[in-house]
Amino acid sequence: MLENNDSYYIEPGKKIQRVAGPYDIKTHKPQYSIEVNYPSHVKNQVEQKTFIIENSRNYFWAWKVVNNSNWPIFVTVKRDGIVIPSNKKKSQ
């Protein structure tokens, strides 16, 4: 997976999973979201999932995207509507 400052680039046939950051399950804050960009004809070949991870009474918001298509896709992660730069997280 290649990254630029704003998006994760996921090659065809690859997947990526990341923790976006800490999450308060009582207040549901901060608000996280992902935007996955791909050609419309591969929509059924791209899987995206968000979930909460618990670790010693701390919670984290995480996401996973699987690209089963033959086209590259781009993922942008936001916290409270602001892009979280991908260069702060290492690729696998």
Side-chain angles (χ1 to χ4, degrees):
M1 275 63 59
L2 301 173
E3 302 174 12
N4 65 29
N5 287 336
D6 295 330
S7 299
Y8 292 89
Y9 171 84
I10 305 175
E11 298 173 18
K14 302 289 184 176
K15 63 183 173 183
I16 188 171
Q17 179 174 314
R18 296 284 188 265
V19 172
Y23 184 72
D24 186 325
I25 62 168
K26 292 179 184 174
T27 64
H28 303 285
K29 298 208 184 244
Q31 293 287 322
Y32 290 98
S33 64
I34 61 172
E35 293 178 3
V36 183
N37 296 303
Y38 46 80
S40 60
H41 68 278
V42 302
K43 179 179 182 178
N44 294 331
Q45 299 171 355
V46 177
E47 301 171 35
Q48 49 186 311
K49 177 181 176 183
T50 62
F51 50 97
I52 306 298
I53 298 174
E54 180 182 5
N55 181 7
S56 301
R57 293 185 282 167
N58 293 314
Y59 296 89
F60 300 90
W61 193 90
W63 58 275
K64 178 180 180 178
V65 175
V66 180
N67 183 5
N68 294 314
S69 78
N70 291 322
W71 291 80
I73 62 175
F74 297 88
V75 179
T76 302
V77 183
K78 294 182 179 183
R79 180 179 46 237
D80 292 331
I82 299 171
V83 172
I84 300 173
S86 65
N87 63 356
K88 291 186 178 180
K89 302 179 187 303
K90 295 180 181 176
S91 292
Q92 296 178 0

Next item on the list: Please examine the side chains of Tyr32 and Ile84, heavy atoms only from C-beta on, and report whether any two atoms are closer than 4.5 Å.
Entry: yes
Margin query: In the structure I gave you, are the side-chain heavy atoms of Phe51 and Lys64 within less than 4.5 Å of one another anywhere?
Written below: yes
Item checked: Smallest separation among heavy atoms of Pro72 and Pro39, with atom names -> O-CD, 4.3 Å
Item checked: Nearest heavy atoms of Asn70 and Gln45, plus distance in Å ->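 For Asn70 versus Gln45, the nearest heavy atoms are N-OE1, 4.3 Å.
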Check: Between Tyr38 and Val66, is there a shared hydrophobic cluster once you connect ILVMFWY residues whose side-chain heavy atoms come closer than 4.5 Å?
Finding: no
Notebook entry, point to check: At what distance, to the nearest 0.5 angstrom, does CD1 of Ile82 lie from OG of Ser33?
Noted result: 11.0 Å
Donor-acceptor list for residues 22-30 side chains, cut-off 3.5 Å, not counting sequence neighbours:
residue : atom : partner : partner atom : Å
Tyr23   : OH   : His28   : ND1          : 3.2
Asp24   : OD1  : Lys26   : N            : 2.8
Asp24   : OD1  : Thr27   : N            : 3.2
Thr27   : OG1  : Lys29   : N            : 3.4

Note to self: Tell me if a side-chain donor or acceptor on Asn67 pairs with a main-chain N or O of Glu11 at a distance below 3.5 Å.
What the structure shows: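 Present.
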Note to self: With a 3.5 Å distance limit and no angle check, can you tell me whether Thr76 reaches the backbone of Ser7 through a side-chain donor-acceptor pair?
What the structure shows: no
Next item on the list: Taking salt bridge (charged side-chain N to carboxylate O under 4.0 Å, His left out) as the test, write out the residues that go with Glu35, two or more places apart.
Entry: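 So Glu35 forms a salt bridge (charged side-chain N to carboxylate O under 4.0 Å, His left out) with Lys78.
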Next item on the list: Could you please spell out the steps behind the side-chain contact (heavy atoms from CB on, under 4.5 Å) verdict for Trp63 and Ile16?
Entry: CA-CA 8 Å; Trp63 58 275; Ile16 188 171; 3.5 Å; yes
Check: So Ile53 and Tyr59, side-chain contact (heavy atoms from CB on, under 4.5 Å) or not? Walk me through it.
Finding: CA-CA 6 Å; Ile53 298 174; Tyr59 296 89; over 6 Å; no
Notebook entry, point to check: When you look at Ser56 and Asn58, which way does the side chain to side chain donor-acceptor pair (under 3.5 Å) test go after all the steps?
Noted result: CA-CA 5 Å; Ser56 301; Asn58 293 314; over 6 Å; no
Next item on the list: Take Ile34 and Trp61, measure what side-chain contact (heavy atoms from CB on, under 4.5 Å) needs, and give me the verdict at the end.
Entry: CA-CA 11 Å; Ile34 61 172; Trp61 193 90; 3.9 Å; yes
